[in-house]
Amino acid sequence: MSDAVTGWTDERVELLGKLWSEGLSASQIAAALGGGVTRNAVIGKVHRLGLSGRTKGSQPPAPRAAKPRAPSAPGPVQELRPRTPEAPPPEPASATVLVLPPAAVVPAAEPAIPVSERISIMELRETTCRWPLGDPTSADFGFCGGRSVTGLPYCEAHCRIAYQPAAERKRLRA
DNA sequence: CCCTGATTCGC
DNA sequence: GCGAATCAGG
């Protein structure tokens, strides 16, 4: 087993290069890598690898003036990630069970989505949550319509419902 | 508003 | 080396 769950393994770098060359965006690649990395991480790596310049480059990007950025943080306060303290570390999709949208029963913790916020099937975009709400045969049927996690069909809240660790799901099953 | 990549810099 | 924060732009 690889010792580092963190960091870029050869395989991940390889996939990164592959997807990048295929023209996928950094955020899409980040999602493809299991979401453990952000698009910033992907971009940073891409640059470090030296494959930032796309093939069609004819003119060097105008040198952007350096910016002073962070004025230096005075507070010793450590920032916590918006992640859950018990973040599922190494298990990406393989150990994750896909739960299809409810045909009738919703697990629980369903975020309240105002009916007025629902969108029609025609309004679905690549970045809109496709979580179905309501009775498909009814007029009030619609989709969540929230902003989906890039690369995934659902918003963050519905992703939590749709993609659950096998263990957790088994527990809920009881 | 959504998104894109680019860059700097603290770690 | 890594990636968050930020910038600049579409």
Side-chain angles (χ1 to χ4, degrees), chain A residues 1-93 96 101 111-133 142-163:
Chain A
M1 297 286 274
S2 53
D3 48 297
V5 178
T6 181
W8 291 91
T9 62
D10 290 1
E11 281 136 53
R12 287 165 72 86
V13 171
E14 197 176 331
L15 180 58
L16 165 64
K18 177 171 177 283
L19 297 179
W20 181 262
S21 64
E22 285 178 6
L24 274 78
S25 71
S27 62
Q28 286 181 308
I29 294 173
L33 286 173
V37 291
T38 64
R39 74 179 197 91
N40 280 320
V42 170
I43 292 173
K45 186 59 180 175
V46 163
H47 279 249
R48 259 172 264 125
L49 289 172
L51 29 77
S52 55
R54 67 290 176 199
T55 47
K56 56 182 300 183
S58 52
Q59 279 194 341
R64 215 156 277 117
K67 34 90 195 61
R69 233 197 40 108
S72 73
V77 193
Q78 298 278 326
E79 277 196 35
L80 296 178
R81 319 237 157 132
R83 290 292 182 199
T84 309
E86 227 177 299
E91 264 71 28
T96 301
I113 309 290
V115 177
S116 57
E117 297 272 311
R118 293 180 187 176
I119 64 174
S120 73
I121 194 169
M122 293 304 294
E123 296 175 287
L124 286 176
R125 294 197 311 136
E126 184 65 37
T127 58
T128 51
C129 179
R130 293 166 156 67
W131 192 268
L133 295 167
F143 297 88
C144 169
R147 206 183 100 259
S148 66
V149 175
T150 305
L152 295 174
Y154 309 122
C155 66
E156 198 175 329
H158 285 129
C159 273
R160 286 194 212 102
I161 299 174
Y163 307 105

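Just so it is clear: chains get the letters A, B, ... in the order the sequence lines come, proteins before strands, and each one is counted from 1. Both backbone and side-chain heavy atoms feed into the values below; hydrogens, waters and symmetry mates do not.
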Inset, instruction - Check whether any side-chain N or O of A:K45 sits under 4.0 Å from OP1 or OP2 of C:dC2, and answer yes or no. - result: yes

Inset, instruction - Would you indicate whether A:E14, at its atom CD, is surrounded by more than 12 heavy atoms from other residues, nucleotides or ligands within a distance under 6.0 Å? - result: no

Inset, instruction - Please check the phosphate of B:dT4 (OP1 and OP2 only) for any side-chain N or O of A:S27 closer than 4.0 Å. - result: yes

Inset, instruction - Let me know the distance between CD1 of A:I29 and C1' of B:dT4, rounded to the nearest Å. - result: 12 Å

Legend entry - Student check: side-chain heavy atoms of A:I161 and A:Y154 closer than 4.5 Å: no

Inset, instruction - Compare side-chain N and O positions of A:R147 against OP1 and OP2 of B:dC3 and report whether any pair is under 4.0 Å apart. - result: yes

Inset, instruction - Between A:T150 and A:I43, name the one whose nearest nucleotide on DNA chain B is closer to the 5' end. - result: A:T150

Inset, instruction - Measure from the side-chain heavy atoms of A:W8 and tell me the nearest of B:dT4, C:dA4, C:dG3. - result: C:dG3

Inset, instruction - Looking only at side-chain atoms of A:V37, point me to the closest of B:dA6, B:dG5, C:dG3. - result: C:dG3

Inset, instruction - Take atom CG of A:N40 and atom C1' of B:dC9, then tell me their distance rounded to the nearest Å. - result: 13 Å

Legend entry - Quiz item: A:R48 side-chain donor-acceptor pair to C:dG3 base, under 3.5 Å: yes

Legend entry - OP1 or OP2 of B:dT4 under 4.0 Å from side-chain N/O of A:S25: yes

Inset, instruction - Salt-bridge test for A:E156 and A:R160: reply yes if a basic N is under 4.0 Å from a carboxylate O, no otherwise. - result: yes

Legend entry - Point-to-point distance, once rounded to the nearest 0.5 Å, from CD of A:E11 to CG of A:L16: 13.5 Å

